[in-house]
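What follows is a set of notes on a single structure, which appears directly below.
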Amino acid sequence: MAAAGFQHTAVMPEEAQRFLRPELGGTFLDATIGGAGHAVRLLERGSAVRVIGIDVDPAAIEAARARLEPFADRVKLILGNFRDLDRLEGERDIHDLAGALMDLGVSSHQIDDPARGFSFRPGTSLRMRMGGTTGDRGPAADFLNQTDEQELGRVFREYGDERRWKALARAVVRRRRTRPFHTSDDLVAVLTAVLGRRATEREKARLFQAVRIAVNDELDALQEGLEAIRPRVSPGGRLVVISYHSLEDRIVKRAFREWGRACVCPPELPQCRCRGAPLGRVLTKRPARPTEEEVARNPRARSARLRAWENAGG
């Protein structure tokens with residue numbers, strides 16, 4: 001897959017820079033480096049900035065390497081998932097971070113490339129793999145053809161806010177008995193049959209997003225990634241997360257809130273036996289949102305929410 005074709009517009013770049021404060025220097029982790037839009041801005045702020053970039057997509061790593069060539073002596077790129085931070089090759093360099101950024105979701109390149117199978121455009125193969133051909137999980141077609149009805153319903157309900165989740169899960173199971181799922185047309189046809197009319201773009205987008213989240217185990221990966229990154233942020237360092245789904249934002253909000261509490265003991269304990277002090281403080285009481293101007297330039301930024309947290313001690 002050619003790196004030259006990898007296109008991704010950084011979302012809320014100025015807001016992210018404002019919280020990360022690269023002008024102070026130090027090492028920054030871009031845990032979802034994508035097309036390196038955020039990383040370039042970090043490196044341009046001064047020669048005292050170093051960036052470690054991670055991505056599960058080999059095409060993203062190639063694209064980032066090409067784009068960051070002028071800063072090659074201050075950049076380290078690692079192929080892998082941020083949830084596996086403790087096991088990644090080169091992870092020993094990921095410590096004492098001045099800041100860390102997680103820009104979640106799918107890049108424009110991944111959505112627009114038919115071979116990646118994220119789109120509901122007619123004839124698109126049902127793949128939806130963030131890492132292309134890497135990783136242990138199968139493509140979306142396997143998920144639809146093999147997952148039991150109860151789990152399908154849960155995914156449609158929780159990840160896609162689908163009110164007809166029971167009927168949709170039942171229809172998927174019924175169809176695959178005689179006609180396995182292969183392309184986007186197959187999934188859209190089931191949705192259309194359940195709705196009894198042509199599905200809107202929004203309805204299709206919600207369903208495909210739900211399947212994508214399940215196929216890539218995105219929510220568990222996010223929870224594990226947050227827990228892996230937090231202790232690597234230096235006192236006074238900051239963690240910024242840009243999410244695009246309400247469940248992602250809820251996980252981030254809950255983690256930041258818990259890290260900001262002095263005591264996390266069960267209420268029935270008469271005396272605190274835990275850490276006794278907050279791990280840090282939340283910098284965003286409410287998530288920052290993109291401006292109307294940014295959404296006009298980049299409609300895919302519409303659902304973005306940015307939250308920031310600062311490690312204690314600075």
Side-chain angles (χ1 to χ4, degrees), residues 7-23 28-42 44-45 55 60 82 98-112 118-119 130 158-162 200-210 212-213 216 218-219 221-223 225-226 229-230 233 237-260 280-311:
Q7 300 293 326
H8 179 56
T9 302
V11 172
M12 303 181 71
E14 294 308 317
E15 292 85 348
Q17 299 291 316
R18 176 164 56 87
F19 283 110
L20 290 172
R21 304 176 301 177
E23 63 274 7
F28 292 83
L29 172 67
D30 189 336
T32 51
I33 197 163
H38 287 288
V40 165
R41 288 172 172 82
L42 288 169
E44 287 176 342
R45 294 297 176 99
D55 207 286
F82 52 66
L101 172 69
M102 304 170 78
D103 186 357
L104 308 173
V106 185
S107 73
S108 299
H109 169 78
Q110 290 169 325
I111 293 174
D112 295 336
F118 286 102
S119 170
M130 289 287 197
E158 294 183 11
Y159 301 168
D161 293 325
E162 177 53 61
T200 67
E201 299 290 291
R202 184 177 180 83
E203 288 168 332
K204 288 185 283 188
R206 285 206 315 262
L207 175 58
F208 276 66
Q209 176 181 254
R212 186 206 81 210
I213 290 173
N216 293 283
E218 293 176 33
L219 299 183
L222 172 58
Q223 184 67 59
L226 289 168
I229 291 172
R230 181 195 56 75
V233 177
R238 293 176 169 184
L239 171 57
V240 172
V241 184
I242 304 173
S243 62
Y244 301 86
H245 190 283
S246 60
L247 293 179
E248 292 175 338
D249 182 60
R250 192 178 306 165
I251 289 171
V252 177
K253 178 182 178 181
R254 186 183 302 124
F256 285 4
R257 183 175 57 198
E258 181 175 320
W259 299 346
R281 65 189 181 103
V282 178
L283 302 176
T284 46
K285 290 184 178 179
R286 294 180 179 178
R289 302 297 300 269
T291 63
E292 293 181 3
E293 291 78 9
E294 179 174 4
V295 172
R297 294 192 307 269
N298 179 19
R300 288 173 179 165
R302 185 182 298 108
S303 60
R305 299 174 177 86
L306 183 151
R307 293 186 185 271
W309 175 85
E310 182 178 272
N311 195 8

For Gln209, enumerate each residue passing the side chain to side chain contact (heavy atoms under 4.5 Å, CB included) test, keeping only those at least two apart in sequence or located in another chain. Arg212, Ile213, His245
Going by side-chain hydrogen bond (donor to acceptor under 3.5 Å, both in side chains), name the residues that satisfy it together with Glu158, two or more places apart in sequence or in a different chain. Arg154
Measure the shortest side-chain to side-chain distance between Leu239 and Phe256 over non-hydrogen atoms and say whether it is less than 4.5 angstrom. yes
Would you please name every residue forming a side chain to side chain contact (heavy atoms under 4.5 Å, CB included) with Ala98, sequence neighbours left out? Phe28
For Arg238 and Val233, work out which heavy atoms get closest and say how close. N-CG1, 3.6 Å
I need the Leu222 CG to Arg250 CZ distance, nearest 0.5 Å. 12.5 Å
Where Ala31 and Ile229 come nearest, the two heavy atoms and their spacing: CB-CD1, 4.1 Å
To the nearest 0.5 Å, how far apart are CG in Leu29 and CE in Met102? 8.5 Å
What residues form a side chain to side chain contact (heavy atoms under 4.5 Å, CB included) with Ser303, not counting sequence neighbours? Tyr244
Of all heavy-atom pairs between Val282 and Arg257, which one has the smallest distance, and what is that distance? CG2-N, 4.3 Å
Nearest 0.5 Å, what's the CD-CZ distance between Gln223 and Arg254? 7.5 Å
Gap separating the CD1 atom of Ile242 from the CE atom of Met12, nearest 0.5 angstrom: 6.5 Å
Heavy-atom pair of closest approach, residues Pro13 and Glu294: CD-OE2, 4.0 Å
Taking atom CD1 of Ile33 and atom CG of Asp103, what is their separation to the nearest 0.5 Å? 11.5 Å
Per side chain to side chain contact (heavy atoms under 4.5 Å, CB included), Val241 is matched among Leu226, Leu101, Leu306 by Leu226
Looking at Phe82 and Ala221, what are the two nearest heavy atoms and their distance? CE1-O, 3.3 Å
Looking at residues at least two apart in the chain, or sitting in another chain, which of them share a side chain to side chain contact (heavy atoms under 4.5 Å, CB included) with Ser243? Leu104, Glu248, Asp249, Arg305
Minimal heavy-atom distance between Gly34 and Asp55, with the atoms involved, is N-OD2, 2.9 Å
Tell me, please, which residues at least two apart from Lys204 pass side-chain hydrogen bond (donor to acceptor under 3.5 Å, both in side chains). Glu201
Restricting to side-chain hydrogen bond (donor to acceptor under 3.5 Å, both in side chains), what partner residues turn up for Glu292, sequence neighbours left out? none
Residue set satisfying side-chain hydrogen bond (donor to acceptor under 3.5 Å, both in side chains) with Glu203, at least two apart, ordered chain then number -> Arg197, Thr200
Sub-3.5 Å donor-acceptor pair from the side chain of Arg289 to the main-chain atoms of Ala304, do we have one? yes
Return each pair, listed once, that meets salt bridge (Lys or Arg N to Asp or Glu O under 4.0 Å) where at least one residue sits in residues 13-22; pairs must be two or more places apart or across chains. Glu14-Arg45, Arg21-Glu310
Using the salt bridge (Lys or Arg N to Asp or Glu O under 4.0 Å) criterion, which residues pair with Glu44? Sequence neighbours excluded. none
To the nearest 0.5 Å, what is the distance between CG on Leu207 and CD on Glu162? 7.0 Å
